[in-house]
Amino acid sequence: MIYKFVLGVAIAFLLAAFNFPQLGPHLLSALYNVYPDSFPGLALLLLRVSVGGLFILHGYPKITHLRQWAESLKMPVFLCFLSAASMLGGGIFLIVGFLTLLGTLPILCSMIFAIYLHIAGNKPFVAQDPYLIPPDQYQGANGQGEPPSWEKAFMYCVMLIAIAVLGPGAYSLDALIFGS
């Protein structure tokens with residue numbers, strides 16, 4: 001997680017050095033440098049906390065069972081570690097609204113890669129309703145679950161892009177630190 005902070009600070013100083021001081025700190029928080037309050041701010045808070053919480057729920061089991069996850073994906077453990085750590089760390093950053101843009105970008109990369117894996121595996125965008133699939137054709141992991149598709153990863157990408165562009169809103173540490 002510290003790499004995100006160091007990278008963001010380096011980018012902010014670089015932009016400040018090239019006469020973009022108003023843009024530098026905002027690249028740590030969002031692509032849009034306004035922190036909406038009132039109803040839009042509450043909506044961003046709800047979105048940010050929900051997405052952050054979901055990524056903590058997705059990242060924690062992956063990081064605690066890293067080898068099994070890497071073997072199931074047939075991916076190097078290091079790449080799986082980066083993905084799980086970005087979900088876990090980025091989720092925490094999203095919940096508190098700190099370095100929001102830098103928290104969303106690694107998770108977004110992970111979700112784009114998840115979409116790629118699903119498409120490469122010929123998985124559909126929206127899976128058939130699990131209740132309509134005959135039991136002998138799909139049981140899911142450990143006999144339960146839903147059929148694989150890439151709609152969930154796509155929706156996470158949409159939500160992460162919205163947070164990255166609109167920012168964390170007024171009810172965040174970013175607004176407290178970088179807001180004017």
Side-chain angles (χ1 to χ4, degrees), residues 1 3-4 7 27 29-32 36 39-95 97 99-169 172:
M1 289 187 294
Y3 73 92
K4 295 181 209 173
L7 180 64
L27 280 180
S29 176
L31 296 175
Y32 185 63
F39 185 71
L42 288 172
L44 285 170
L45 174 68
L46 177 65
L47 178 63
R48 209 182 67 235
V49 170
S50 300
V51 171
L54 289 170
F55 276 110
I56 289 173
L57 291 174
H58 282 288
Y60 180 75
K62 286 176 175 65
I63 211 157
T64 55
H65 300 95
L66 198 55
R67 187 155 313 280
Q68 294 96 322
W69 185 48
E71 288 170 2
S72 73
L73 292 177
K74 297 175 180 61
M75 290 284 143
V77 173
F78 179 71
L79 287 178
C80 289
F81 171 76
L82 288 178
S83 178
S86 73
M87 289 181 204
L88 195 59
I92 293 168
F93 277 42
L94 284 173
I95 287 173
L99 302 178
T100 308
L101 179 61
L102 293 178
T104 60
L105 294 180
I107 304 171
L108 182 61
C109 291
S110 184
M111 290 298 99
I112 290 171
F113 188 65
I115 289 172
Y116 166 77
L117 289 176
H118 279 79
I119 291 172
N122 291 322
K123 304 293 189 273
F125 175 62
V126 177
Q128 186 178 4
D129 190 327
Y131 298 107
L132 300 177
I133 299 174
D136 60 329
Q137 290 183 14
Y138 180 75
Q139 290 294 322
N142 299 321
Q144 51 189 305
E146 57 187 61
S149 69
W150 52 279
E151 70 176 296
K152 189 176 359 176
F154 175 78
M155 287 309 302
Y156 279 134
C157 285
V158 170
M159 291 184 278
L160 288 166
I161 290 169
I163 293 169
V165 171
L166 299 174
S172 65

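When a residue number appears, it is its place in the shown sequence, counting from 1.
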Thr104 meets the side-chain hydrogen bond (donor to acceptor under 3.5 Å, both in side chains) criterion, sequence neighbours left out, with none
The reported gap from OG in Ser83 to CZ in Phe78 (rounded to nearest 0.5 angstrom) is 12.0 Å
Here the gap from Ile112 atom CD1 to Ile161 atom CD1, rounded to the nearest 0.5 Å, amounts to 6.5 Å
What side-chain donor-acceptor pairs closer than 3.5 Å can you find for residues 66-73, not counting sequence neighbours?
residue	atom	partner	partner atom	Å
Ser72	OG	Trp69	O	2.8

Output for pair (Phe39 CZ, Leu45 CG), nearest 0.5 Å, gives 12.0 Å
Closest heavy-atom pair, Leu102 versus Pro106, reported as atoms and distance to 0.1 Å, is O-CD, 3.0 Å
For Met87 and Gly59 the tightest heavy-atom approach is CB-CA, 3.8 Å
Applying side-chain contact (heavy atoms from CB on, under 4.5 Å) to Ala114 and not counting sequence neighbours gives Ala153
One should read off an interatomic distance between Leu105 CG and Ser110 OG, to the nearest 0.5 angstrom, of 12.5 Å
With sequence neighbours left out, the residues meeting ring pair (Phe, Tyr, Trp, His ring centres under 6.0 Å) with Trp150 are Phe125
Ring pair (Phe, Tyr, Trp, His ring centres under 6.0 Å) filter on His118, not counting sequence neighbours, yields none
Taking every heavy atom of Leu44 against every heavy atom of Pro168, the minimum-distance pair comes out as CB-O, 3.8 Å
On a heavy-atom basis, the closest approach of Ala84 and Lys62 is CB-CB, 3.9 Å
Closest heavy-atom pair, Arg48 versus Ile163, reported as atoms and distance to 0.1 Å, is CA-CD1, 4.0 Å
query = Should Leu166 and Leu47 count as side-chain neighbours, where that means a heavy-atom distance under 4.5 Å?
reply = no
Residues passing the side-chain contact (heavy atoms from CB on, under 4.5 Å) test with Ile95, sequence neighbours excluded, are Ile56
One should read off an interatomic distance between Met155 CE and Leu54 CG, to the nearest 0.5 angstrom, of 12.0 Å
Do Leu94 and Thr100 touch side chain to side chain, with heavy atoms closer than 4.5 Å?
-> yes
Here the ring-ring contact (aromatic ring centres under 6.0 Å, His included) pairs for residues 44-67, sequence neighbours left out, are Phe55-Tyr156, His58-Tyr156
